[in-house]
Amino acid sequence: MTDTTTTELPKAYHPAEIEAGIAERWLASDVFAPDGKGATAGPDAEPFTIIQPPPNITGSLHLGHAQRAAVEDLMIRHARMTGKAALFLPGLDHASIAAQFVLDGIIAKEGETRQSLGRERYLERMQEFVVATQAVILGQERRLGASLDWGRLRYTMDDGSAKAVRTAFTMLYERDLAYRTEALVNWCPGCRTSVSDLEVISTPETGAIWSIRYHLVDEATGQPTPGETITVATTRPETILGDTAVAVHPDDDRYHALVGRRVRIPFVERDVPIIADEVVDPSFGTGAVKITPAHDRDDYETGKRHSLAMPSILDDTAAVAGTGTAYDGLDRYDARAAILADLHMRGDLAREQPHEMVLGRCQRSDDVIEPRLKTQWFVRAAPLAARALDATRSGRIRIVPGQFEKTWEHWLTTIRDWNVSRQLWWGHRIPAWYCSDGHVTVSAAPDGPASCGTCGRTAAELQQDPDIFDTWFSSGLWPFSTLGWPDDTPDFRRFHPTSVMETGYDIIFFWVARMVMLGIELTGAEPFHTIDLSGLIRDPLGQKMSKTKGNVVDPLAMMEEAGADALRFALIHGATPGQDQRFGPQKLELARNFANKLWNAARFVLGARPADLPADAPRVVPDAADLRVADLWIRSRAAATTDAVDRALADYQFGEVTRALYDGIWSEFCDWGIEFAKVELADQENSPAERAATWWNLVDALDRYLRLLHPVMPFVTEAIWDALPHRAADPAMLIVARWPEGGGRDARLDGQVGEVIETIVAIRNARAQADLPAAAWLTTEIAPPADAYVVFAQLAPQVGRLARARPLTLRSRPTDLIRPEGALEIVLSAGGIEAVILPPSDAGAGADAGIRDRGRLEKELGEAEGHLAAAQTRLANESFTAKAPQAVVEGARTRAAELEEQVARLRERLGR
RNA sequence: GGGCGAUUGGCUCAGUGGUUAGAGCACGCGGUUCACAUCCGCGGGGUCACUGGUUCGAAUCCAGUAUCGCCCACCA
């Protein structure tokens, strides 16, 4: 398998083509599965599992999904390369209510509705719809290079999930953590279902508040008294029809005498009591509140406290119903208008004022949510939340970044019971059956219970609950249902609890908290040890991307244009944990350019193979004795990048990973490493063995960078790596190659070569400032620092070429430099380096150059003096020298001494 | 009403106590050197939102203010 030869790369970098070819190779070799035929991790390898949010099956992926996949795939590829049994399980979510909302829209165009099709045909349509969309989604994930184990593809509506849902619910029911009761729920009249508290979006709106006079009842006659009224304030006059009391505050003197009296509710002509309750704020409105227990959360509580009747006055479509008034059948808003008009006619509408308020709207349909009394299934939240909180407080689950722990705490400590039943069709049926006596039988059996658990009536006499589960109930089981739970499968045993759950912070409550709560309760273990929360992708203006705004960009188009690698890099590069990022074409361009740069660097390395190196020469570790100082520096910097990448990965700082790689590969390896190596490879004074060593060293460095970059840009790195000569122990593909070892950096050498680089930059700078011809070779003398003289001497050919400084002479001391009239002077603070550059005599620029050079030196002197003054002030401060760490003080002293030296020399040069 | 986050060069963003605050883009100047013009070289550009505090030392920690954004929230 091992291929020691070098292959040529095509001159131009065409990402789309390269990526298609590589994807094919990966899929064919089955390397994505931790136990596939191409996997390198043995059966005893440490398992590592990433939990990704299964995308909704309703549509195609957007940039947010692409970012999820990029980050998750980065982690999983890294884990795979470190020898772990890395499982990245693909999946899809049936997205119950979201899917129905989409499908309802589609069939509406055909003139159909849910009701007109009927449950059976509607579900058939849904099935057709999701089959089509799932192909699109999975194709997009593949295109992105997500190394998902396709053989384990799961779906929240598959048989395994169905079994998990039934079992989970049965367990909760048996533990009294799921119960059925009549309670006030959030009703969406558009979706015709209840929704959870999370699906109600608080929306500030300007509405109106009306003051309405209710007439007190004369207890003697039993008739309302025309002159005696109490005025209540309401924003929803239509709910008058459901009023069963008027409440005032017990300490409110204005109404004290009225408590216990009765008022007549108009239209329904019902007499209801005036009650005293602490819930009333005497300073708001009139201080008297109408109580509608069946259609308001506060009133419901008040109603329970006072044992009030709770008549419902709205039907499933939020039309008035069952009041026995003329308003029955009217939509709630039409009824409101009619009632207001009628109240006005009766003279009982006291006033109307604009009013700022917060309305609950349906997350899906935007309809105003109506609180209604319904018999529903609930999951008891408090005990589950307590265990979830314990998991994070004890550190068994870590939330990254930590700032989200507060959010987590707050939500879980104020959580209310979760309404899990939905009056929808697309989803898992609630496994509860009722007999004619109303006994409830909950069963996890695929075909339901054999008989009523209470009275023994046969299955045929039982009726299954028509409702389905909230879609998040099945997603909440995802980490373990996908591994085989409730069965004790090999996957479940091996991969659960999983490792890292990664998602956007927007579904921390919907999904993450539910997984933790249900996971701990049902499996006895936290479903993952780390919650990694990413920020959201926004458009270049900082707006959320949405179809209605029309600012959604198709990831596929971006990948076609710039490559999946570029898209991945761009998405990861801009990511700071938990922070949103604006995403625009510039970021993609940066990433595409980087891929192109790497491609060309690789082309250079491959093409630079010494001609006298036999084509079949095995890849060797270059003999240290044959390595030049430039080679050692390249090696040291690659090691430094490795350490930086490792640190960033350990901290989930993925943006840092790409920054370290971008700088390491571009600014160090390409800008200096390759340029240095070119000189060594061309130097005929180097022996063939030395030139070979330099080349093998370049290959080593490139190989290392490719490994480090592979999790971010898998395709281009795989393609280049394939063209490199491999080591004997290497596998056939980079995706399963070993992650580089850390360590090996030579800080002293880095410092000295750093001074060489500074000198080259300074010479280029002086040349440019003096407006000397870019192509001219300049006679130059350098006086390097004494301790770096050897390194300067070894890199002198590089300095000569990169600074176009030839002939180049090194002097031991600055005083040894020969300074002809009109020469450019360089005085660096670092290491006391000085250099003298002789402008070309034929350029005729000598005099001019000297003047410009003087300007540059003046400016440098000014800067140096400023820094020196600051350094001296710091050192003159006794508490600084006494209290600051010794190393810091030493550093400041050295710095001051260097600056002092530089200032003195600059002054001398300038004749001051 | 509560909570969280942001505020750093023209733009987009890094940088969680220590020399001279960085990057990409944009901008100016110069480049047909055999990896790359999707490139190379050089440069200009920032009182790190404001005020106060802690500290020998603050973009960084604390308090407050302002602006923007997000999340949570049953005052009719």
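Below, chain A is the first sequence line, B the second, and so on; all start at residue 1.
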Query - B:C4 OP1/OP2 closer than 4.0 Å to side-chain N/O of A:W411 - result: no

**Report entry** Minimum-distance nucleotide (side-chain atoms of A:R603 versus B:C42, B:C70, B:C36)
**Finding:** B:C36

Query raised in the report: Taking all atoms of both residues into account, what is the closest heavy-atom pair of A:M545 and A:D539, and its distance?
Result: CE-CA, 3.7 Å

Requested in this report: With heavy atoms under 4.0 Å as the rule, sort A:H295 into base, sugar-phosphate or nothing.
Outcome: nothing

Query raised in the report: What does A:Q769 touch in the nucleic acid at a heavy-atom separation under 4.0 angstrom: a base, only the sugar-phosphate, or nothing?
Result: sugar-phosphate

Requested in this report: May I ask you to check whether A:Y662 and A:W666 place their ring centers less than 6.0 Å from one another?
Outcome: yes

Report summary line: Between CG of A:L590 and P of B:C13 the distance, given in whole Å, is 14 Å

Requested in this report: Would you mind classifying the nucleic acid contact of A:P371 as base, sugar-phosphate or nothing, using non-hydrogen atoms under 4.0 angstrom?
Outcome: nothing

Query raised in the report: Can you find a donor-acceptor pair, distance only, under 3.5 Å between A:E675 side chain and B:A35 base?
Result: yes

**Report entry** Side chain of A:F604 (C-beta onward), nearest among B:G41, B:A76, B:A35
**Finding:** B:A35

Report task. May I ask you to verify whether the side chain of A:K597 and the base of B:C36 hold a donor-acceptor pair under 3.5 Å? Result -> yes

Query - N or O in side chain of A:K290 less than 4.0 angstrom from B:A76 OP1/OP2 - result: no

Report task. May I ask you to evaluate whether A:T576 reaches the phosphate of B:A14, defined as a side-chain N or O under 4.0 Å from OP1 or OP2? Result -> yes

Query - Residue A:Q653, side-chain atoms from C-beta onward, closest of B:G15, B:C39, B:G18 - result: B:G15

Requested in this report: Please determine, for the side chain of A:R804, which listed nucleotide (B:U33, B:G41, B:A76) has the closest atom?
Outcome: B:U33

Query raised in the report: For the pair made of CD1 in A:I537 and P in B:G69, what is the distance, rounded to whole Å?
Result: 20 Å

**Report entry** From CG (A:L857) to CD (A:Q769), nearest 0.5 Å
**Finding:** 10.5 Å

**Report entry** Residue A:D281, side-chain atoms from C-beta onward, closest of B:U38, B:C70, B:C75
**Finding:** B:C75

Report summary line: Out of B:G15, B:A76, B:C56, minimum distance to the side chain of A:F880 belongs to B:C56

Report task. Using a 4.0 Å heavy-atom cut-off across all strands, classify A:S829 as base, sugar-phosphate, or nothing. Result -> base

Query raised in the report: Counting just side-chain N and O atoms, does A:R659 come under 4.0 Å of either OP1 or OP2 of B:A14?
Result: no

Query raised in the report: Base, sugar-phosphate, or nothing for A:V761, non-hydrogen atoms under 4.0 angstrom?
Result: sugar-phosphate

Query raised in the report: Using the P atom in both, what is the distance from B:A58 to B:G53, to the nearest Å?
Result: 12 Å

Query raised in the report: From B:G18, B:U12, B:C72, pick the nucleotide closest to the side chain of A:H410?
Result: B:C72

Query raised in the report: Where is the tightest heavy-atom contact between A:T641 and A:G664, given as atom of each residue plus distance?
Result: OG1-CA, 3.7 Å

Query raised in the report: Base, sugar-phosphate, or nothing for A:A884, non-hydrogen atoms under 4.0 angstrom?
Result: base

Query raised in the report: Which part of the nucleic acid, if any, lies within reach of A:E301 when heavy atoms closer than 4.0 Å are counted: base, sugar-phosphate only, or nothing?
Result: nothing

Requested in this report: Determine whether A:P577 and A:Q653 make a side-chain contact, defined as any pair of heavy atoms from C-beta on separated by less than 4.5 Å.
Outcome: yes

Query raised in the report: Touch check for A:E863, heavy atoms < 4.0 angstrom, all strands: base, sugar-phosphate only, or nothing?
Result: nothing

Requested in this report: Just call it for A:Y300: base, sugar-phosphate, or nothing, with non-hydrogen atoms closer than 4.0 Å on any strand.
Outcome: nothing

Query raised in the report: To the nearest Å, how far apart are A:K883 NZ and B:U54 P?
Result: 12 Å

Requested in this report: Using a heavy-atom cut-off of under 4.0 Å over every strand shown, decide if A:R592 touches base, sugar-phosphate, or nothing.
Outcome: base

**Report entry** Nearest heavy atoms of A:T235 and A:W210, plus distance in Å
**Finding:** O-CZ3, 3.5 Å

Query raised in the report: Can you find a side chain N or O atom of A:H573 that sits less than 4.0 Å from OP1 or OP2 on B:A14?
Result: no

Query raised in the report: Does A:N600 put a side-chain nitrogen or oxygen below 4.0 Å from OP1 or OP2 of B:U38?
Result: no

Requested in this report: May I ask you to evaluate whether A:N596 reaches the phosphate of B:C39, defined as a side-chain N or O under 4.0 Å from OP1 or OP2?
Outcome: no

Report task. Side chain of A:K587 only, please: which of B:U20, B:G5, B:U12 is the nearest? Result -> B:U12

**Report entry** Sugar-phosphate, base or nothing in reach of A:W666, heavy atoms under 4.0 Å
**Finding:** sugar-phosphate

Query raised in the report: Does any donor-acceptor pair link the side chain of A:R895 with the base of B:U20 at a separation under 3.5 Å?
Result: yes

**Report entry** Under-4.0 Å side-chain N/O to phosphate OP1/OP2 contact, A:K678 with B:A35
**Finding:** yes

Query raised in the report: B:C75, B:U20, B:U38: which one has an atom nearest the side-chain heavy atoms of A:H867?
Result: B:U20

Report task. Tell me, with the steps shown, if A:L349 and A:L340 meet side-chain contact (heavy atoms from CB on, under 4.5 Å). Result -> CA-CA 7 Å; A:L349 186 58; A:L340 284 169; 3.9 Å; yes

Query - Pair A:K678 + A:E675, salt bridge at N-O below 4.0 Å - result: yes

Report summary line: Ranking B:C56, B:A35, B:A14 by distance to the side chain of A:I674, first place goes to B:A35

